[in-house]
Number of protein chains: 2
Amino acid sequence: MLSELEGLTLGLLSKHGPCTAYSIRQMLKEAPSSHWRASAGSIYPLLARLEKDRLIEGEDDPADGRARKVLKLSVAGRKKLKSWIKHGSDADLIAQLFDPVRNRIFFMEVLGKQEQLRLAQEILCGMEEHLHFAHQNLKDRDRDADMFDYLGATGAVLACEARIKFMKQVVKELERQS
Amino acid sequence: MLSELEGLTLGLLSKHGPCTAYSIRQMLKEAPSSHWRASAGSIYPLLARLEKDRLIEGEDDPADGRARKVLKLSVAGRKKLKSWIKHGSDADLIAQLFDPVRNRIFFMEVLGKQEQLRLAQEILCGMEEHLHFAHQNLKDRDRDADMFDYLGATGAVLACEARIKFMKQVVKELERQS
DNA sequence: CGATGCATGTAAGCTGTTACATGATTGC
DNA sequence: GCAATCATGTAACAGCTTACATGCATCG
């Protein structure tokens, strides 16, 4: 129905009120652990599509000389957003956890022993850095102001920690072998 | 350089010896928590691309009347695979953990209180089922036969558990509110 | 007054999807 | 013999990316 990026866009519009295309793009870019580059070439055609389908409504801001449009979610858009969220319990979505690092670990045997250990340590290091970032992000949220935002950030931290635990096992196993 | 699917394909060819396009497709489909549908329309053009770039080599199986090609990794292919694996430590790859369920949780406020709780419980239930599947998958692996396969499956279990922990927090928070 | 950032967009290309088509083989 | 599965592909399309283009605004 809606693509992932479309759903996220409607969600952001629902959460952060009427806003411009540019600010939506910024939010997508700054989102922690985002899969998306949120390039201009994706956002603007996407918004045009959503507007054509009457899921969002755009209005030229008269208080501003610059040509910018303020976008907001329509009633139909909110309905579609709800339906998109409800599909979160679909089995194929639950199974769809994409981890490019783990994908690579599977085939690490083709590297030399030393390379294996060095790479695993590098990844672990990078992940710890990323965990720090996720923690920072969590701290910036107000649990009472926006519970789901807070919970989502918590989820990001938990995911980070799980990956670190995983990589520690990899490193340990590689060290054991040498 | 290589797309994710191309990397996975080279990896599978490296691990599971010379094999046919069809069996690669099956492996991609059956992979636990796969992001890919591994449709025919992706695999066959992809393999043609890899062969054109001399990363894999195909040979018609003379022992088989059916028109099927046995594919194997070339030397250049193994080199490219190594480079693909080594990029696992890139910061943008480490940050790129894609979770469509968490994406939806962020915007769950647009649903009614009852809907929120019901959905969260449904997701939790689905994830526990998926954990069971991941556990099963882990049991089928032999640690000594293929360490990285075993480690990868362990990583999948850890990721599952982290998501369940997350969803339990969501449910708990929602129950606290009602 | 020039650099940087804000803001909007387009064009071409890549990678994946669904849906369709074909034929051979195996199991009941 | 017929259905299911093996096995290989193609065509049309969707969605995102990079790279480019444009122009206004703000700050030094």
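Because the structure is predicted, anything quoted here is derived from the model rather than measured. Residue numbering restarts at 1 for every chain, and letters A, B, ... go by the order of the sequence lines.
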Handout entry: First of B:Ala40 and B:Arg49 reached from the 5' end of DNA chain C, by closest nucleotide
Key = B:Arg49
Exercise for the section: For B:Ala38, answer base if it contacts any base atom (sugar-phosphate contacts may also be present), sugar-phosphate if it contacts only those atoms, and nothing otherwise; contact means non-hydrogen atoms under 4.0 Å. Expected result: sugar-phosphate
Exercise for the section: Would you please name every residue forming a salt bridge (charged side-chain N to carboxylate O under 4.0 Å, His left out) with A:Arg102, sequence neighbours left out? Expected result: none
Handout entry: Integer-rounded Å distance: D:dA14 C1' and A:Asp53 CG
Key = 14 Å
Problem - Phosphate OP1/OP2 of D:dT8 contacted by B:Tyr44 side-chain N/O (<4.0 Å) - result: yes
Problem - Non-hydrogen atoms of B:Arg141 and B:Asp149 that approach each other most closely - result: NH1-OD2, 2.6 Å
Handout entry: Short side-chain N/O contact to C:dT8 OP1/OP2 from A:Tyr22, under 4.0 Å
Key = no
Problem - Phosphate OP1/OP2 of D:dT18: any A:Arg37 side-chain N/O under 4.0 Å - result: yes
Handout entry: B:Leu50 CG to C:dG16 C1', straight-line distance once rounded to whole Å
Key = 14 Å
Exercise for the section: Calculate the interatomic distance between B:Gln26 atom CD and D:dT5 atom P; express it in whole Å. Expected result: 11 Å
Handout entry: A:Glu59 with A:Lys72: basic N within carboxylate O range, under 4.0 Å
Key = no
Exercise for the section: Starting from C1' on C:dT15, measure out to CD on B:Glu6 and report it in whole angstrom. Expected result: 8 Å
Handout entry: Gap between atoms NE2 and P, on B:His35 and D:dG15 respectively (whole Å)
Key = 14 Å
Handout entry: Short side-chain N/O contact from B:Ser3 to OP1 or OP2 of C:dC14, under 4.0 Å
Key = no
Practice task
Would you please test B:Glu128 and B:Lys168 for side-chain contact (heavy atoms from CB on, under 4.5 Å) and show each step?
Solution key: CA-CA 11 Å; B:Glu128 270 159 355; B:Lys168 278 187 175 162; 3.8 Å; yes
Practice task
Give one of base, sugar-phosphate or nothing for B:Leu46, where a contact means two heavy atoms less than 4.0 Å apart.
Solution key: sugar-phosphate
Problem - Between P of C:dA7 and NZ of A:Lys29, the distance in whole Å - result: 12 Å
Handout entry: Value in whole Å for how far the P atom of C:dG16 lies from CD of B:Glu4
Key = 9 Å
Practice task
Tell me what B:Leu5 touches on the nucleic acid: a base, only sugar-phosphate, or nothing, going by heavy atoms under 4.0 Å.
Solution key: sugar-phosphate
Completion exercise
Of all heavy-atom pairs linking B:Arg104 and A:Gly88, the shortest is CD-CA, 3.5 Å
Handout entry: Atom-to-atom span, CD1 of B:Ile24 to C1' of D:dA7 - whole angstrom
Key = 13 Å
Problem - A:Ser42 side chain near D:dG15 phosphate (N/O to OP1/OP2, under 4.0 Å) - result: no
